[in-house]
Amino acid sequence: MNKNCAVILAAGDGKRMKSDLSKVLSKVLFVPMIDWVANAVKASGISEICIVTGFAGEQVKSHMGESFSYAVQEHRLGTGHAVMQALDFIKKSDADNVLILNGDAPLIDADTIRCACREHMDTNSAITLVSASVPDPAGYGRVIRSSGGKLVRVAEHRDATPDELTINEVNSGLYWFKKDDLIYALSQMKPENDQGEYYLTDAVGILIAAGLETSAYKTLNSHVVLGANDRVQLMQLNEIARMEVLHRLMISGVDIPCTDGIIISDGVPVGLGSTILPNTILRGKTQVGSNCTLGPNCLIENCIIQDNVKLCNVQAENSTIKNSSDAGPFAHIRPGCEIGPNVHIGNFVEVKNSVLDDGSKVPHLTYIGDSDIGRGVNFGCGSLTVNYDGKNKHRTTIKDRAFIGCNTNLLAPVTVGEFAFIAAGSTISDDVPPFALAIARGRQTNKENWVAEKKPYKNMD
Ligand code: UD1
Ligand code: CA
């Protein structure tokens with residue numbers, strides 16, 4: 001079994017992105033492009049990976065962490081020069097082959113990496129590059145083949161002849177090299193082109209001149225070559241990735257009657273028979289069970305949504321929503337909530353850092369913060385927990401089957417016992433015992449005939 005290592009080129013700046021951020025940290029489906037690339041490399045079975053950083057290198061390093069090796073390219077003198085900066089890493093590695101790829105081409109996948117590797121081994125090549133035919137080859141290096149179909153050269157767009165510019169098979173920027181042949185090619189590279197850069201693609205000619213075999217593995221999945229140099233291309237990559245995720249979900253049994261505004265992070269599982277409606281974003285570590293209806297207009301981040309859940313116009317973060325619960329329209333479930341099963345959260349309700357147990361109902365205009373709510377509790381309209389005293393947050397505890405009347409304030413810390421009943425409009429500052437009725441408001445007085453005598457309105461004389 002051969003051993004392989006990889007070098008990811010990520011020293012380019014974000015000039016065309018008009019961003020202070022390193023270009024490779026620009027996001028596709030909420031994930032930086034370089035993570036897509038690194039994940040594909042790891043999924044192909046390579047664990048020894050060096051990232052060449054330059055512009056905003058510290059950002060890249062602190063984002064990617066310690067499981068990678070790093071090489072720094074102080075001056076960006078081309079892709080060949082970038083790989084030269086990783087020579088120490090390459091020489092120290094006991095790999096037989098080196099995979100080199102661009103950090104700004106996120107749609108690469110493990111399959112393509114593995115298939116290209118097989119071709120590389122089968123043809124006993126010194127270099128195997130991945131190519132694809134694209135409808136618009138502008139900007140890419142063109143793959144020049146001999147009449148027998150052998151890879152001869154890569155002509156960079158700006159250096160290509162008019163004839164070469166008509167070729168639509170382009171270089172993806174992903175290469176497999178035999179390690180020793182790569183080291184040799186780098187030693188021979190010269191910056192002899194229009195840009196005065198060291199082109200990694202010149203390795204093809206150098207290795208042919210040395211009498212070695214070269215090949216181009218042409219993939220049918222042309223998306224793998226696409227890179228993002230500006231925000232328009234970034235949007236196009238987002239759109240491709242978005243539709244790939246949605247197609248995969250539809251094929252696996254998720255109903256998406258209209259894809260407008262639906263963005264689902266790659267890897268978010270959605271169960272069989274669930275329906276996702278327009279303008280719904282599912283991201284982070286979110287998981288969705290079966291037979292749910294999410295949307296329209298939901299933003300769900302890092303949530304576990306169990307089965308048969310219905311959410312409409314809901315924003316939810318870092319929470320769990322259990323079986324057969326529903327929320328919305330217009331509800332906000334903030335971090336730290338455990339909701340359900342069978343819980344109903346209705347219009348204009350905000351819940352934060354709270355547990356609501358089986359069958360409890362919060363139908364309208366309510367705030368529940370830092371609370372432990374038992375089973376079968378009913379919150380009347382406009383009731384709320386007063387969890388903050390200006391300095392500290394306190395918890396509210398409501399036991400099973402308690403009934404909270406409309407417009408109740410619960411001054412935490414406070415406990416309402418099971419089956420307790422709170423009269424509407426109460427401000428509860430003391431614990432309420434189980435089965436008690438609590439009334440905490442001024443008694444009503446009616447002043448008979450007051451209006452007739454006082455005549456407080458216009459035109460009453
Ligand atoms: C490169 C290829 C081209 C191919 C295209 C695919 C060369 C000469 N050309 O062109 O054939 O079709 O990729 O996208 O290799 N980088 C560095 N240091 C540098 C220059 C670049 O780290 O000095 C990194 C960039 O961050 C980027 C990658 O290398 O991740 C590619 O560089 P870029 O300048 O975008 O190359 P292209 O002109 O697109
Ligand atoms: Ca590029």
Side-chain angles (χ1 to χ4, degrees), residues 6-17 19 21-26 32-38 41 50-57 59-61 64 70-86 100-108 112 127 129-134 136-144 151 153-160 164-165 167-175 177 182 185-186 189-206 216 218-219 222-230 233-234 236-237:
V7 177
I8 300 176
L9 306 185
D13 50 33
K15 216 181 283 160
R16 282 172 286 175
M17 288 282 177
S19 168
L21 208 63
S22 158
K23 178 169 72 169
V24 295
L25 294 180
S26 300
M33 294 197 282
I34 191 165
D35 286 280
W36 288 79
V37 175
V41 173
C50 177
I51 300 173
V52 181
T53 64
F55 176 81
Q59 278 175 3
V60 176
K61 203 168 165 180
M64 297 305 283
Y70 294 91
V72 178
Q73 187 190 26
E74 296 283 354
H75 303 288
R76 281 177 297 285
L77 301 178
T79 46
H81 183 257
V83 180
M84 289 173 199
Q85 313 314 304
I100 295 174
L101 66 179
N102 291 349
D104 67 350
L107 303 182
I108 185 64
T112 308
I127 177 177
L129 64 78
V130 171
S131 70
S133 288
V134 295
D136 177 14
Y140 291 98
R142 309 298 206 278
V143 172
I144 316 292
L151 171 65
R153 198 162 62 82
V154 175
E156 288 310 310
H157 184 100
R158 58 195 303 156
D159 308 315
E164 288 169 342
L165 286 177
I167 295 171
N168 69 357
E169 182 184 2
V170 302
N171 170 25
S172 68
L174 183 153
Y175 320 82
F177 279 93
L182 171 62
L186 291 175
M189 231 165 249
K190 295 190 178 64
E192 285 166 358
N193 50 59
D194 180 49
Q195 294 195 90
E197 287 189 354
Y198 293 88
Y199 284 176
L200 185 56
T201 42
D202 286 349
V204 177
I206 294 169
K218 186 170 170 184
T219 169
S222 62
H223 293 159
V224 306
V225 310
L226 300 177
N229 293 322
D230 58 35
Q233 288 174 330
L234 193 62
Q236 288 161 344
L237 294 187

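Every number for a ligand or one of its atoms is a count from 1 in the order of the listing. Only this structure's heavy atoms are used, side chains among them; waters, hydrogens and symmetry mates stay out.
In terms of heavy-atom proximity, Tyr198 sits nearest to Met84 at CD2-CE, 3.5 Å. Scanning both residues, Met33 and Lys23, for their nearest heavy atoms gives CE-O, 3.3 Å.
Polar contact check, Tyr199 against ligand 1: no nitrogen or oxygen pair lies under 3.5 Å apart.
Of all the atoms in ligand 1, the ones that sit under 4.0 Å from a non-hydrogen atom of Ala10 are 22 (O), 26 (O). For ligand 1 and Gly103, the ligand atoms under 4.0 Å from any heavy atom of the residue are 30 (O). Against a heavy-atom cut-off of under 4.0 Å, Gly141 is close to the following atoms of ligand 1: 3 (C), 4 (C), 11 (O), 12 (O). Here is the list of ligand 1 atoms found below 4.0 Å of a heavy atom in Ala82: 17 (C), 18 (N), 22 (O).
In this structure, CG in Asp159 is found 7.0 Å from CD in Gln195, a value given to the nearest 0.5 Å.
Here the side chain of His81 pairs no donor or acceptor atom with the backbone of Pro191 at under 3.5 angstrom. Panel note: side chain Arg142, backbone Pro137; a donor-acceptor pair is recorded below 3.5 Å. Between the side chain of Ser22 and the backbone N or O of Ala56, no donor-acceptor pair lies under 3.5 Å. Using modelled atom types, no side-chain atom of Arg76 and backbone atom of Glu74 make a donor-acceptor pair closer than 3.5 Å. Put simply, the side chain of Asn102 never gets that close to the backbone of Asp104: no donor and acceptor are under 3.5 Å apart.
Not close to ligand 1: Gly227, with no non-hydrogen atom less than 4.0 angstrom away. Between His81 and ligand 1 there is no heavy-atom distance shorter than 4.0 Å. Within the 4.0 Å heavy-atom shell around ligand 1 one does not find Val52.
Residue contacts with ligand 1, taken as heavy atom pairs separated by less than 4.0 Å, involve Glu156 solely via side-chain atoms from C-beta onward. When non-hydrogen atoms are compared, ligand 1 lies under 4.0 Å from the backbone of Ser172 (N, CA, C, O) but not from its side chain. Residue Val170 does not touch ligand 1, judged by heavy-atom distances below 4.0 Å.
Heavy-atom proximity to atom 17 (C) of ligand 1, evaluated over Arg76, Gln73, Arg16, His75, is greatest for Gln73. Between the choices Ala11, Gly78, Ser131, Gly12, the shortest heavy-atom distance to atom 20 (C) of ligand 1 belongs to Gly78. Taking each of Leu129, Val60, Thr79, Ile34 in turn, the one with a heavy atom nearest to atom 8 (C) of ligand 1 proves to be Thr79. If you check each of Val143, Ile51, Leu9 against atom 24 (C) of ligand 1, the one with the closest non-hydrogen atom is Leu9.
Screening Ile8, Ile34, Leu25 against Met64 for a side chain to side chain contact (heavy atoms under 4.5 Å, CB included) leaves a single residue, Ile34. Each of Leu200, Ile100, Val143, Thr201 was checked for a side chain to side chain contact (heavy atoms under 4.5 Å, CB included) with Leu129, and the lone residue meeting it is Val143.
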